[in-house]
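The chains referred to below are lettered A, B, ... by the order of the sequence lines, with proteins before strands, and numbering in each begins at 1.
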Amino acid sequence: MSDHHAHYLAGKGSTGKTIMSWVWTYDHKKIGVMYLVAVLMMFFLGGLAALGVRAELFEPHYTEFVNDDGQVVADTKGYKGAGSDFVVPEGTTPEQRGVMFPNITVTTVETNPDTGERTEGTKTVTGNNIYNRAFTLHGTIMVFLFIIPAVPAALGNIFLPIMLGAKDVAFPKLNLWSWYIYLFGGMFAIFALIQGGVETGWTFYTPYSSTTEWGNVTAMVLAAFILGFSSIFTGMNFIVTVHKLRVPGMGWFDMPLFIWALYATSIIQVLATPVLGITLLMVVFERTFLIGIFDPALGGDAVLFQHFFWFYSHPAVYIMILPGFGIISEIIAVHCRKRIFGYRAIAFSSIAIAAISFLVWAHHMFTSQSPVANVVFSALTFLVAIPTAIKVFNWISTMYKSSIAWTTPMLYACFFLFCFTIGGLTGPPLATLAVDIHLHDTYFVVAHFHYVMMGGTVLAFVGGLHHWWPKFTGKVYNETWATVGGWIVFLGFNLTFFIQFFLGTQGMPRRYATYPTDIPAFEIMHKISTVGSWLLLLGFLIHLFVFLHSLLAGKKAARNPWGGLTLEWETETPPLEHNFEREPVMTHGPYDYDTARPVNADPALFPMPTDTPKAH
Amino acid sequence: MSDQQHNQAGFDAGPLPPAGTRPHETYVHGHHWRDRWEEADGAKLGMWLFVCTELLLFAGFFCAYAAFRLMYPDNWHEASRYYLDWKIGFINTGVLLFSSWTIVMAIRSLQLDKKFAAFIYLGITNACAICFLFLKITFEYIPKWQLGKLPGKYFNYPNYGPADPAVIDSTTLPEPAGPLVDAGHAITNGATDMVASAMNSGVMDVLPIAAKAGEEAHHVPMPHDHIFMSVYWISTATHGLHVFIGVVLITWLMFRVMGEHYGPRRYTMVENVGLYWHVVDLIWIFLFPLLYLV
Amino acid sequence: MSHSNDHHAGAGEGHQQDHHLHVTPFAPMLIVFIVLLALTALTVYTANLHHIDVGNTRIEISGTAHILIALTIAVVKSALVLGFFMHLLYDKAVNTIVLASSLFAISLFLGLTLMDLAVRDSIEPYEAGELTPGGTKQVIRQSILRDEAGHGNAHEGEDHSADDNADDGHADEDHATDDQANDM
Ligand code: HEM
Ligand SMILES: [Cu+2]
């Protein structure tokens with residue numbers, strides 16, 4: 001048995017022992033920290049790909065579009081109908097044809113359709129396809145390796161048991177497995193990347209993904225399949241922990257809202273991810289055994305694949321955002337020092353979102369499924385806006401007439417409210433059938449989901465990181481610079497993505513390496529967007545340096561710097577090996593700011609309403 | 001909720017026997033649990049969540065099955081009749097059901113502290129599982145492999161080779177094959193009378209294939225046979241993989257039982273593997289009629 | 001089976017003497033097993049049955065009826081397995097709720113997907129007009145020109161601006177036939 005009174009980051013005597021204490025740990029906090037480091041690395045990797053994508057779109061590099069017969073049917077100087085007398089504009093040098101990205105040589109695996117024999121070869125990929133690889137890389141890494149594990153597996157792992165007053169998650173070994181499975185899946189993805197990447201988009205639509213000759217699709221699809229297991233295991237662990245390991249005296253409605261959000265997330269993870277697993281496995285079968293289920297050329301059905309895929313991937317967008325909602329509930333309550341408005345409404349709306357998320361998936365298929373189903377799914381989709389709006393109204397009501405402390409986490413909570421509301425409100429227009437026929441697969445959709453995923457989840461994640469940073473690292477970070485970084489991220493984000501709503505309504509399709517030059521607005525808007533992406537980079541780099549500086553030179557953090565009432569603020573900073581010296585006793589609810597005094601905090605800093613009677 | 005029911009039904013064996021020194025009696029629960037019964041409850045809840053993921057995983061196969069059944073009902077019905085033999089499936093169903101019962105009995109034996117009975121019951125379960133795989137492989141997979149009844153593109157249409165879209169969808173076929181494929185093609189277009197006339201005209205009887213492969217003597221090859229076989233292969237193979245994993249788990253349990261790791265105080269692992277095994281059974285309960293019978 | 005709610009941290013071995021052991025019963029399980037076998041036989045029997053004779057009238061069993069019969073029996077069988085073999089009848093309700101939630105998800109998955117596939121051809125698909133070189137923009141421009149030629153200055157300013165908007169809004173159609181591989 002290890003020393004119960006050492007905090008979890010403490011070394012173990014020798015370097016070797018310390019390393020082993022991380023590699024082979026059942027401590028949820030250490031596993032969470034390892035996840036955190038990994039997802040942050042993935043965030044920067046995915047971000048690099050995004051910067052490449054944006055850089056490419058800075059200019060409409062002259063490009064020709066060639067049809068299957070090798071005929072040039074269009075170019076970026078304006079549309080030319082097939083068969084029209086097409087002339088390459090004078091003065092176009094060969095270098096100008098094609099995109100910014102260089103041509104590269106990659107390995108391919110070709111399957112002989114008759115014998116099933118597979119031969120390896122090499123092929124030159126043109127710049128256009130490199131662009132496809134770049135955005136696919138960005139999408140897959142951000143979705144499967146960053147955003148899905150970001151909040152639950154990293155921050156959730158560190159804080160869920162502590163906030164419940166438990167010593168660990170229900171199945172610590174499974175937790176470690178989940179981490180190594182994540183690592184393993186991540187290695188598959190990196191392998192596919194090194195081999196030359198994948199150009200299917202993160203959605204892996206068939207028949208393209210099942211017939212394209214780049215063998216890397218199999219590796220990438222398997223990566224997502226493996227990562228699914230990791231996600232399922234985390235979800236199972238959290239559900240059982242919440243059910244069985246709450247400290248005595250903590251009823252369901254005494255749980256912090258972050259826990260409610262993680263609980264709802266876990267339900268989706270357990271119920272939706274297996275379908276992604278089987279879908280991706282079937283794509284692998286398509287590629288290896290040519291089973292033809294998703295391939296129309298073999299008598300199968302490609303729309304069936306889309307149903308399979310979105311049955312997971314729509315609920316998955318709630319796997320991404322629900323934990324973010326949870327973080328915001330915590331930040332707003334703590335930094336506004338006020339009882340959260342509508343606790344039960346927020347808690348139940350998390351569960352409602354989890355349930356409704358299974359009803360709406362085919363709003364991604366308005367241009368491919370049957371008209372009747374379109375109508376049904378369009379109507380159902382509007383439902384999901386209700387619980388989402390309930391949350392937003394409750395947060396704003398909590399802030400109303402409260403004493404807001406303008407810390408970095410609170411700043412981020414406000415950024416979240418601003419951006420997520422825009423993202424959420426652009427959902428219903430997309431769910432409106434007739435409108436979506438026009439907007440589908442344009443930059444409007446890109447802007448929509450970046451406003452909810454980046455403006456929502458990522459901003460909440462960064463906010464939560466600052467909120468809990470002092471607790472789990474034991475170090476103080478520099479508020480000034482963190483605030484500066486926060487504002488730059490906020491401005492950069494809006495500069496990058498707000499303009500994309502207009503690009504989309506003007507008809508700029510997504511996933512193209514270039515755009516026509518005869519619509520001057522396209523070029524201006526793309527340029528603005530790209531400049532925004534540089535600001536984003538700057539903002540995140542500032543955050544990175546603030547964190548590194550805090551780790552290396554930060555002052556020791558107090559036990560309860562924000563005056564929070566949830567259990568994680570009652571334990572040591574950083575927390576002990578088994579979280580608490582003795583089992584905590586519930587003396588107040590998580591948000592009883594009007595009646596309970598925060599422990600371990602200076603009463604002068606966090607006065608009660610009764611301490612200083614109002615003058616008027 | 002059900003304590004009373006237990007007592008009424010007389011399932012209650014009374015207080016636990018006094019603790020001894022055998023491994024299952026000295027077992028210490030995980031430090032983060034209140035006691036071993038809480039730990040057991042938690043483990044079981046976790047297992048049920050895992051059961052859910054298994055059901056949803058197989059739901060994918062059932063969805064694919066249902067989708068094509070909906071799109072090509074006649075083709076599906078015919079293919080199920082002619083490519084699969086219900087007798088093997090029937091025997092296998094019995095085998096699996098029996099093994100489900102024996103694993104339940106293994107848990108009962110442990111609760112009553114009868115180590116050897118538990119060991120024997122687990123052994124029977126394992127034997128059934130292996131029997132299932134043996135029957136499946138020798139009487140279904142190997143013959144089908146030899147006849148070319150493989151999934152998707154590797155499926156060999158009698159006389160026409162692999163399922164090539166060009167062969168399935170066009171009439172530009174070698175002469176003798178013409179009427180047959182026409183007939184098959186017609187079915188998906190709803191022109192069943194054309195098939196009937198083809199049958200009446202005796203085309204079916206003179207085809208060489210009828211003599212060659214007895215299995216599909218009266219079968220009109222249809223355009224989506226290969227998709228049926230795809231669904232058959234991937235769903236039964238995935239199910240078979242689960243059976244195989246079950247064998248591994250149960251073998252491990254047998255060793256653990258012999259090592260006295262399980263007894264009246266500790267049998268959660270056996271229960272959980274039991275749950276897993278019942279899921280394998282549950283899936284088969286649906287796969288069998290859907291693939292082999294209807 | 002509310003094992004241990006009355007036990008608190010550090011419950012020693014002695015405490016567990018209080019536990020009553022809920023042993024899996026013998027007879028019910030055997031009966032369930034036999035019923036399961038009988039139901040399997042019934043499935044096979046009904047599946048091979050093509051018609052029933054009631055007196056002189058012969059009732060044909062359609063393909064759909066066959067599926068319904070087979071599925072009903074399968075549901076009964078699985079309910080028996082779940083309730084008895086998998087202990088749902090004896091366990092805490094939470095396990096049943098967990099199972100129910102997965103059945104909820106499965107039924108949505110199968111139900112709504114099949115709903116889409118079943119009604120696929122039930123509405124005449126919208127027929128897009130022929131694509132013209134230059135896209136819809138050209139057509140609109142031409143119609144404006146035609147209008148202007150025909151009516152002189154009859155148009156009011158507002159109308160023109162509306163046309164201009166339509167112009168911009170259809171810019172994406174210019175790309176409708178672009179040939180990039182990943183247009184999805
Ligand atoms: C108010 C609630 C929401 C509604 C009504 C809604 C509606 C929609 C619709 C209809 C689409 C399909 C657009 C198209 O492809 O034509 C879409 C796309 C998308 N939404 Fe939302 N959405 C909502 C909230 C969210 C949230 C909270 C997230 C994630 C955190 C999210 C993430 C996405 C993503 C990732 C896509 C694009 C997927 C792709 O094609 O790659 N949405 N949304
Ligand atoms: Cu969606």
Side-chain angles (χ1 to χ4, degrees), chain A residues 1 26 28 111 113-116 161 166-174 228-229 232-233 235-237 239-241 243-245 248 266-267 269-279 281-282 285-286 289-301 303-304 307-308 311-312 578-579, chain B residues 30-34 38-39 41-68 70-72 75 150-155 161-166 168-169 188 222-235 237-238:
Chain A
M1 272 264 144
Y26 295 148
H28 63 98
T111 312
D114 298 325
T115 58
K167 285 186 190 160
D168 209 324
V169 289
F171 312 119
K173 286 181 203 165
L174 192 69
F229 277 96
I232 289 176
F233 289 160
M236 280 167 49
N237 230 332
I239 292 181
V240 180
T241 311
H243 271 269
K244 307 291 301 180
L245 291 179
S266 306
I267 295 177
Q269 281 177 308
V270 167
L271 291 183
T273 317
V275 177
L276 175 78
I278 198 63
T279 311
L281 209 58
M282 276 157 88
F285 290 156
E286 290 279 337
F289 304 123
L290 305 167
I291 56 174
I293 287 179
F294 294 143
D295 186 356
L298 277 169
D301 198 295
V303 177
L304 192 63
H307 277 298
F308 273 58
F311 180 82
Y312 164 76
H578 292 301
N579 298 347
Chain B
H31 71 92
H32 55 300
W33 291 97
R34 214 156 296 288
E38 279 291 292
E39 184 182 46
D41 264 7
K44 217 165 160 185
L45 180 59
M47 192 63 204
W48 269 102
L49 290 165
F50 184 73
V51 165
C52 284
T53 66
E54 288 283 5
L55 294 179
L56 273 143
L57 189 112
F58 277 95
F61 294 134
F62 287 112
C63 190
Y65 174 93
F68 290 107
L70 190 76
M71 287 190 259
Y72 319 117
N75 195 151
L150 291 166
K153 195 140 186 172
Y154 295 115
F155 183 87
D164 188 313
I168 306 168
D169 288 337
T188 44
M222 293 193 195
H224 295 96
D225 283 358
H226 62 294
I227 298 281
F228 177 83
M229 287 316 276
S230 292
V231 173
Y232 163 81
W233 276 95
I234 59 173
S235 54
T238 311

task = Find the distance between CZ (B:Phe155) and NE2 (B:His226) and round it off to the nearest 0.5 Å.
result = 8.5 Å
ask   = Quick one: of A:Val169, A:Asn237, A:Thr241, A:Asn579, who has the most non-hydrogen atom pairs under 4.5 Å with chain B?
value = A:Val169
task = Could you tell me which portion of A:Leu304 (side chain, backbone, both or neither) has an atom closer than 4.5 angstrom to a non-hydrogen atom of chain B?
result = side chain
ask   = Of the backbone (N, CA, C, O) and the side chain (C-beta and beyond), which part of B:Phe50 lies under 4.5 Å from a heavy atom of chain A, both, or neither?
value = both
request  = Tell me, for A:Asp295 versus chain B, whether the close heavy atoms (under 4.5 Å) come from the side chain, the backbone, both or neither.
outcome  = neither
key: Top contributor to chain B interface from A:Val275, A:Leu271, A:Leu174 [non-hydrogen pairs under 4.5 Å]   = A:Leu271
query = When heavy-atom pairs shorter than 4.5 Å are enumerated against chain B, which of A:Ile232, A:Asp301, A:Thr279 gives the highest number?
reply = A:Asp301
Engaged part of A:Ile293 at the chain B interface, taking heavy atoms whose separation is under 4.5 Å = both
key: Check: B:His32 side chain, A:Ala170 main-chain N or O, donor-acceptor pair, under 3.5 Å   = yes
inquiry  = Which label fits A:Phe289 and A:Phe285: parallel for a plane angle under 30°, tilted from 30 to 60°, or perpendicular past 60°?
reply    = tilted
inquiry  = Tell me if a side-chain donor or acceptor on B:His31 pairs with a main-chain N or O of A:Asp168 at a distance below 3.5 Å.
reply    = no
ask   = Parallel, tilted or perpendicular: which describes the rings of A:Phe294 and A:Phe308, with under 30° parallel and over 60° perpendicular?
value = perpendicular
Most chain A-contacting option - heavy-atom pairs closer than 4.5 Å, from B:Thr238, B:Leu150, B:Leu49 = B:Leu49
query = Just wondering, are more than 12 heavy atoms of other shown residues or ligands nearer than 6.0 Å to CZ in A:Phe229?
reply = no
Portion of B:Met71 that has a non-hydrogen atom of chain A nearer than 4.5 angstrom = side chain
note = A:Ile278 and B:Phe61 have their tightest heavy-atom pair at CD1-CZ, 3.2 Å
inquiry  = Taking every non-hydrogen pair under 4.5 Å, which of B:Cys52, B:Ala67, B:Gly46 racks up the most with chain A?
reply    = B:Gly46
